[in-house]
Amino acid sequence: MTAQTAQPKSSPFEEVNRRLDEASEVAGVPQEAMALLKNPYREIRVEIPLVIDDHLQLFTGFRIQHNAARGPYKGGIRYHPHVDLEEVRSLASLMTWKTALVEIPFGGAKGGVACDPTIMNDKELYDLTVTFFTRISMVLGPTRDVPAPDMGTNAKIMGWAMAAYGRLNGHTPAIVTGKPLELGGSVGREDATGKGVVIITEQWAEANGLSLKGARVVIQGFGNVGSFAAKHFVGKQAKVIAVGDVKGSIKNDKGLDIPELFKHVQATGSVIGFKESDPLNSDQLLFQECDYLVPAALGGVITGQNAGGVKAQVVVEAANHPVTPEGEDILTGNNIVVIPDIIANAGGVTVSYFEWAQNIQQFAWKEARIHEELYAILRKSFANVMHFAKEHDCSLRLASFSIALDRVYRASKARGYLRL
Ligand code: GLU
């Protein structure tokens with residue numbers, strides 16, 4: 001009998017690097033450059049002491065600056081109990097490839113604090129944010145590193161962050177994006193990620209002779225990304241037949257009334273108990289028969305263990321890194337297309353770029369311009385990806401990473417970072 005040793009589970013950062021290795025062969029990036037391109041430039045870890053209910057609690061925060069060859073570091077700040085160094089590293093790396101793929105003048109970064117914002121009040125969140133941003137402020141700046149919201153954070157928190165940075169450096173709206181409109185935030189930023197998900201999905205449908213009209217969509221997550229994706233899918237006359245959040249899932253084969261669901265979530269804090277819907281076991285959400293399955297919550301939810309049960313035509317990665325490489329192999333084997341995160345959810349950072357540009361110009365754009373430029377950038381980028389995938393007979397993921405890697409490699413070379 002041969003002893004079976006369990007394969008050690010790879011970390012999300014190793015998984016991203018595996019995808020980069022594959023892309024380096026397609027893009028022709030030499031191996032000696034890959035160590036520089038894979039690894040973060042700088043990693044900061046800070047302790048954040050807070051007194052909660054008369055007890056001192058220590059929270060740990062990170063800011064990982066992955067690559068700035070193409071422009072200032074850019075990426076969100078996540079507040080979530082599962083935040084850890086390896087995960088933030090992988091998310092920082094993904095930002096480098098995302099900004100390169102949509103050709104906006106930024107590099108990649110990500111930050112986070114391991115905490116549960118759902119059980120913290122505004123005073124505690126304010127104190128946490130001010131201390132965290134004060135402690136990382138020395139590496140931030142509108143030409144250095146520009147944070148934004150991510151899972152568990154929002155415009156309100158970005159406003160506090162801007163003020164914390166401003167106390168040390170003077171009024172600097174371009175230091176964060178995703179701010180409240182009152183502080184120089186941009187119209188169209190709040191729903192930009194969800195809107196981008198639908199722009200990209202529609203483009204895929206068109207390229208394959210299909211339409212979103214009547215398409216059945218299942219969405220995991222009803223936060224800032226999932227809820228607005230649902231709204232824009234319905235705007236294209238698609239049917240959102242099931243959604244789930246951390247508390248549970250619901251379904252209605254005829255299509256959920258999304259404007260009413262927004263009101264229900266606003267009033268109750270969850271999708272569960274929504275009228276004209278049936279409860280659905282959340283374990284079954286990913287296995288619903290549909291055209292588009294949209295994971296819009298956590299990473300690593302479609303894996304080698306459960307991908308075999310997915311009954312969608314296309315998986316649209318609205319979240320960052322929701323499909324593991326093992327999961328993707330199984331989906332591909334079952335002829336299920338995966339539209340990768342670095343293009344599917346790039347609408348958010350693209351409108352962040354517009355916000356930063358408006359702040360620097362001190363000139364606000366009209367909403368129509370935001371939409372027009374977002375649409376143009378996403379359509380052009382995804383057309384490139386689909387063309388590359390066809391030409392090289394490869395997946396949309398490999399095409400996306402290859403295009404992005406080539407751009408960052410060439411920028412690094414132009415800076416003299418690599419052998420001349
Ligand atoms: N957190 C978002 C993302 O993962 C947005 C980042 C940004 O706007 O900088 O793309």
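Whatever order the structure lists them in is the order used to number ligands and atoms, beginning at 1. Heavy atoms only: backbone and side chains are in, while hydrogens, waters and symmetry mates are out. Predicted, not measured: the structure shown is a model, and the values here were computed from it. Residue indices begin at 1 and follow the sequence shown.
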Enquirer: Look at atom 9 (O) of ligand 1 and say which protein heavy atom is nearest, naming residue and atom and giving the distance to 0.1 Å.
Expert: Lys74 NZ, 2.8 Å
Enquirer: Whether the side chain of His264 engages the backbone of Ile272 through a donor-acceptor N/O pair (distance < 3.5 Å, no angle test) should be reported.
Expert: yes
Enquirer: So is Gly75 touching ligand 1 or not, going by heavy atoms under 4.0 Å?
Expert: yes
Enquirer: Is the contact between Thr193 and ligand 1 made by the side chain, the backbone, both, or neither, using heavy atoms and a 4.0 Å cut-off?
Expert: neither
Enquirer: List the closest protein heavy-atom neighbour of atom 8 (O) of ligand 1: residue, atom name, distance to the nearest 0.1 Å.
Expert: Ser352 OG, 2.5 Å
Enquirer: Applying the salt bridge (Lys or Arg N to Asp or Glu O under 4.0 Å) criterion to Asp341, which one of Arg397, Lys98, Arg19 satisfies it?
Expert: Arg397
Enquirer: If you measure from each heavy atom of Lys110 to ligand 1, is any distance below 4.0 Å?
Expert: yes
Enquirer: If you count the atoms of ligand 1 from 1 in the order shown, which ones are under 4.0 Å from a heavy atom of Lys98?
Expert: 3 (C), 4 (O), 10 (O)
Enquirer: Under 3.5 Å, is there a donor-acceptor pair linking the side chains of Gln288 and Lys251?
Expert: yes
Enquirer: Verify whether one side chain among Ser11 and Glu86 offers a donor that lies under 3.5 Å from an acceptor in the other.
Expert: yes
Enquirer: Check for a donor-acceptor pair, side chain of Arg407 on one end and backbone N or O of Leu101 on the other, with a separation under 3.5 Å.
Expert: yes
Enquirer: Tell me if the centroids of the rings in Phe228 and His232 come within less than 6.0 Å of each other.
Expert: no
Enquirer: Which protein non-hydrogen atom lies closest to atom 1 (N) of ligand 1, naming both residue and atom, and how far is it?
Expert: Asp150 OD1, 2.7 Å
Enquirer: Under 6.0 Å between the ring centres of Tyr79 and Phe59?
Expert: no
Enquirer: Please indicate whether any nitrogen or oxygen in Ala148 is less than 3.5 Å from any nitrogen or oxygen in ligand 1.
Expert: no
Enquirer: At a 4.0 Å threshold, what atoms of ligand 1 neighbour a non-hydrogen atom of Met95?
Expert: 3 (C), 4 (O), 6 (C), 10 (O)
Enquirer: Quick one: do the His82 and Glu87 side chains pair a donor with an acceptor below 3.5 Å?
Expert: no
Enquirer: Should Pro149 be listed as contacting ligand 1, given a heavy-atom distance under 4.0 Å as the test?
Expert: yes
Enquirer: Is there a heavy atom of Arg189 sitting under 4.0 angstrom from any atom of ligand 1?
Expert: yes
